[in-house]
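Comments concern the structure below.
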Amino acid sequence: MINEDTIDTLIRTAKNARNNAYAPYSKRAVGACVLTSDGTLYGGSCIENSSLSLSMCAERVAIFKAVADGKNTFDAIAVVADTEEPFVPCGACLQVMAEFGINDVIMANLDGDIRPTTLKELIPYAKIKESEE
């Protein structure tokens, strides 16, 4: 698991990304931040569409931004929303995390509740891609 300072940085970046969320339908703004293996941070916010299947979760936005920028190895991801409990990524996002080998997952809310976990704990039978390094 990553250290406390890195967790704080990931959560702060995810909160900042959340400010750019486009959530007119659910009214649930979500932000995420992915940490690449070279230390680069990529923030993402949820982007909704009236055709639900065209919406994109914050976690996938952050990951896809990194991949589009040539990064494909990751150390961790944080996700933040204004929820009672720390925000849990959806199944589609968990599958994308598995595809890119992101095992450290930091779930948080705006009240400061933080729940560090692993992808293996969230989906224990998933086949998680091994790091290419």
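Positions are given from 1, in the same order as the sequence printed here.
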Just do the side chain to side chain contact (heavy atoms under 4.5 Å, CB included) check on Ser55 and Cys46 with the steps written out, would you? CA-CA 8 Å; Ser55 297; Cys46 62; over 6 Å; no
What pairs with Thr40 under side chain to side chain donor-acceptor pair (under 3.5 Å), at least two apart in sequence or on another chain?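 Per chain and number, Thr40 pairs via side chain to side chain donor-acceptor pair (under 3.5 Å) with Asp38.
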Name all residues meeting the side chain to side chain donor-acceptor pair (under 3.5 Å) criterion together with Thr13; count only those two or more places apart in sequence or in a different chain, and write none if there are none.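 Residues passing side chain to side chain donor-acceptor pair (under 3.5 Å) with Thr13: none at all.
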Distance in Å, [X] [atom1] paired with [Y] [atom2], rounded so as to fall on 0.5 Å steps:
{"X": "Met56", "Y": "Ser45", "atom1": "CE", "atom2": "OG", "value": "11.5 Å"}
{"X": "Thr9", "Y": "Leu41", "atom1": "OG1", "atom2": "CG", "value": "7.0 Å"}
{"X": "Phe74", "Y": "Leu35", "atom1": "CZ", "atom2": "CG", "value": "9.5 Å"}
{"X": "Asn3", "Y": "Asp8", "atom1": "CG", "atom2": "CG", "value": "9.0 Å"}
{"X": "Lys15", "Y": "Leu10", "atom1": "NZ", "atom2": "CG", "value": "12.5 Å"}
{"X": "Ile7", "Y": "Arg12", "atom1": "CD1", "atom2": "CZ", "value": "12.5 Å"}

Looking only at heavy atoms, what is the nearest atom pair of [X] and [Y], with distance?
{"X": "Ala62", "Y": "Gly43", "value": "CB-C, 3.9 Å"}
{"X": "Met107", "Y": "Phe87", "value": "CB-O, 3.1 Å"}
{"X": "Ala66", "Y": "Tyr42", "value": "CB-CD1, 3.5 Å"}
{"X": "Glu121", "Y": "Pro124", "value": "O-CD, 4.1 Å"}

Okay, side chain of Asn109, backbone of Asp111: is any donor-acceptor separation there less than 3.5 Å?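 Present.
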Tell me, do Asp75 and Thr36 make a side-chain contact under 4.5 Å, heavy atoms counted?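 A side-chain contact under 4.5 Å is absent here.
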Pairs where residues 79-93 contributes a residue and the test side chain to side chain donor-acceptor pair (under 3.5 Å) is met, not counting sequence neighbours: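 For residues 79-93: Glu85-Arg115.
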Transitive ILVMFWY side-chain link Leu122 to Ile2, under 4.5 Å: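 No; tracing contacts between hydrophobic side chains, which count when under 4.5 Å, never links both residues.
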Cluster check Val80, Val88: I/L/V/M/F/W/Y, side chain < 4.5 angstrom: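 Val80 and Val88: separate clusters.
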Could you list all the salt bridge (charged side-chain N to carboxylate O under 4.0 Å, His left out) pairs where at least one residue sits in residues 86-95, not counting sequence neighbours?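 Residue pairs passing salt bridge (charged side-chain N to carboxylate O under 4.0 Å, His left out), neighbours aside: none found.
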Side-chain atoms of residues 91-106: list all donor-acceptor pairs with protein atoms under 3.5 Å, sequence neighbours left out, distances to 0.1 Å.
from	atom 1	to	atom 2	distance (Å)
Asn103	OD1	Leu119	N	3.3
Asn103	OD1	Lys120	N	3.2

Under 3.5 Å donor-acceptor pairs involving side-chain atoms of residues 19-34, not counting sequence neighbours:
from	atom 1	to	atom 2	distance (Å)
Ser26	OG	Arg28	N	3.0
Ser26	OG	Glu48	OE2	2.3
Lys27	NZ	Pro24	O	2.5

